[in-house]
Amino acid sequence: MKNVKPRVHVINGPNLNMLGKREPGVYGIASLDEINQQLDVAAKGCGLELSFFQSNHEGIILDKLHEIFEENPAGIIINPGALTHTSVALRDGLLLFSCPIVEVHLSNIHKREPFRHKSMLADIVMGQILGFGPQGYHMALNAIHQLLQAV
Ligand code: DQA
């Protein structure tokens, strides 16, 4: 029988496809592809399988969540971009899952404009990682890896 690795979904929301070009002083110079490639290497090293998804559309992200719900994923890493601050629908969609969910932001949203201080997901995710740039995705992966090893 094939050895199936636990799958973790990495989901990025609106405008994160523009990383590298978008406000590099805030979000850095790495593209989303570069970030994802490095994360994939790290995941292989700890025996996890990653799936990557990005959309600029709230409904398309919800459709994706409904699709992956059926797969019973081992974990979710999500940077919802601006949907973080507005989307009850995304919150409700994530409430479907019992696996660990880590919310990542490249920037520290609490050091920025007041409208970014509120996360609609803060109280339903396992934890948030803010302000560490692309390294935040690695920290989230590490957290999920540790949690999976503990069960
Ligand atoms: C972001 C922070 C959000 O406020 C913003 O809308 C983004 C990126 C971050 O990664 O720092 O698109 O989620």
Side-chain angles (χ1 to χ4, degrees), residues 6-46 48-69 71 73-148:
R7 184 174 297 276
V8 175
H9 289 266
V10 182
I11 299 175
N12 281 280
N15 296 309
L16 291 162
N17 56 315
M18 299 307 283
L19 287 178
K21 299 177 187 153
R22 174 191 181 200
E23 299 180 80
V26 178
Y27 299 117
I29 55 167
S31 70
L32 187 57
D33 275 352
E34 288 164 350
I35 292 171
N36 287 347
Q37 274 167 28
Q38 290 185 5
L39 200 60
D40 207 28
V41 171
K44 288 206 163 67
C46 53
L48 294 173
E49 195 72 50
L50 295 187
S51 289
F52 297 97
F53 183 75
Q54 187 277 332
S55 176
N56 293 317
H57 306 278
E58 184 179 39
I60 292 177
I61 295 173
L62 294 177
D63 288 345
K64 183 68 184 177
L65 289 178
H66 299 171
E67 182 190 313
I68 68 178
F69 172 72
E71 296 169 16
I76 297 176
I77 297 170
I78 184 161
N79 181 347
L83 295 175
T84 306
H85 318 297
T86 60
S87 182
V88 176
L90 181 60
R91 175 190 173 92
D92 288 346
L94 288 170
L95 279 169
L96 278 166
F97 294 89
S98 52
C99 65
I101 301 174
V102 183
E103 177 184 345
V104 171
H105 297 284
L106 295 146
S107 64
N108 181 345
I109 55 178
H110 299 292
K111 281 174 134 179
R112 301 184 62 195
E113 304 95 319
F115 63 83
R116 293 186 205 272
H117 297 179
K118 171 80 186 163
S119 164
M120 301 299 286
L121 313 181
D123 61 321
I124 62 146
V125 293
M126 175 137 278
Q128 297 173 301
I129 297 173
L130 320 169
F132 293 99
Q135 196 52 37
Y137 293 95
H138 290 262
M139 295 162 93
L141 180 68
N142 195 33
I144 290 176
H145 180 226
Q146 303 284 328
L147 285 165
L148 293 176

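Whatever order the structure lists ligands and atoms in, that order sets their numbers, starting from 1. Side chains included, hydrogens not; waters and symmetry mates left out as well; all remaining heavy atoms used. Because the structure is predicted, anything quoted here is derived from the model rather than measured.
Close approach of ligand 1 to Ser107 (heavy-atom distance below 4.0 Å) involves ligand atoms 2 (C), 9 (C), 11 (O). Those atoms of ligand 1 with a heavy atom of Tyr27 less than 4.0 angstrom away are 5 (C), 7 (C), 8 (C), 9 (C), 11 (O). In the vicinity of His85, heavy-atom distances shorter than 4.0 Å reach the ligand 1 atoms 3 (C), 4 (O). Annotation for ligand 1: atoms under 4.0 Å from non-hydrogen atoms of Leu106 are 9 (C), 10 (O), 11 (O).
Using cut-offs of 30° and 60° for the angle between ring planes, the His85 and His105 rings count as parallel.
Gln54 and Leu16 make their closest contact through NE2-N, 4.1 Å (heavy atoms, listed as atom of the first residue, atom of the second, distance). A pairwise comparison of heavy atoms in Pro24 and Ile29 identifies CB-CG2, 4.2 Å as the closest pair.
For Asn15 and Tyr27, the side-chain atoms include no donor-acceptor pair closer than 3.5 Å. With no hydrogens or angles considered, a side-chain donor-acceptor pair links Ser119 and Glu103 at under 3.5 Å.
Looking at Asn79 against ligand 1, only its side chain comes within 4.0 Å, counting heavy atoms. With a heavy-atom cut-off of 4.0 Å, Arg116 touches ligand 1 through its side chain alone. Contact annotation for Arg22 and ligand 1: only side-chain heavy atoms (C-beta onward) come within less than 4.0 Å of the ligand.
To the nearest 0.5 Å, the span separating NE2 on His138 from CD1 on Ile35 amounts to 8.0 Å. Here the NE2-CD1 distance, from His9 to Ile77, works out to 11.0 Å after rounding to the nearest 0.5 Å.
In terms of protein heavy atoms, atom 1 (C) of ligand 1 is closest to His105 ND1, 3.7 Å.
Considering backbone and side-chain atoms alike, Ala82 places an N or O below 3.5 Å from some N or O of ligand 1.
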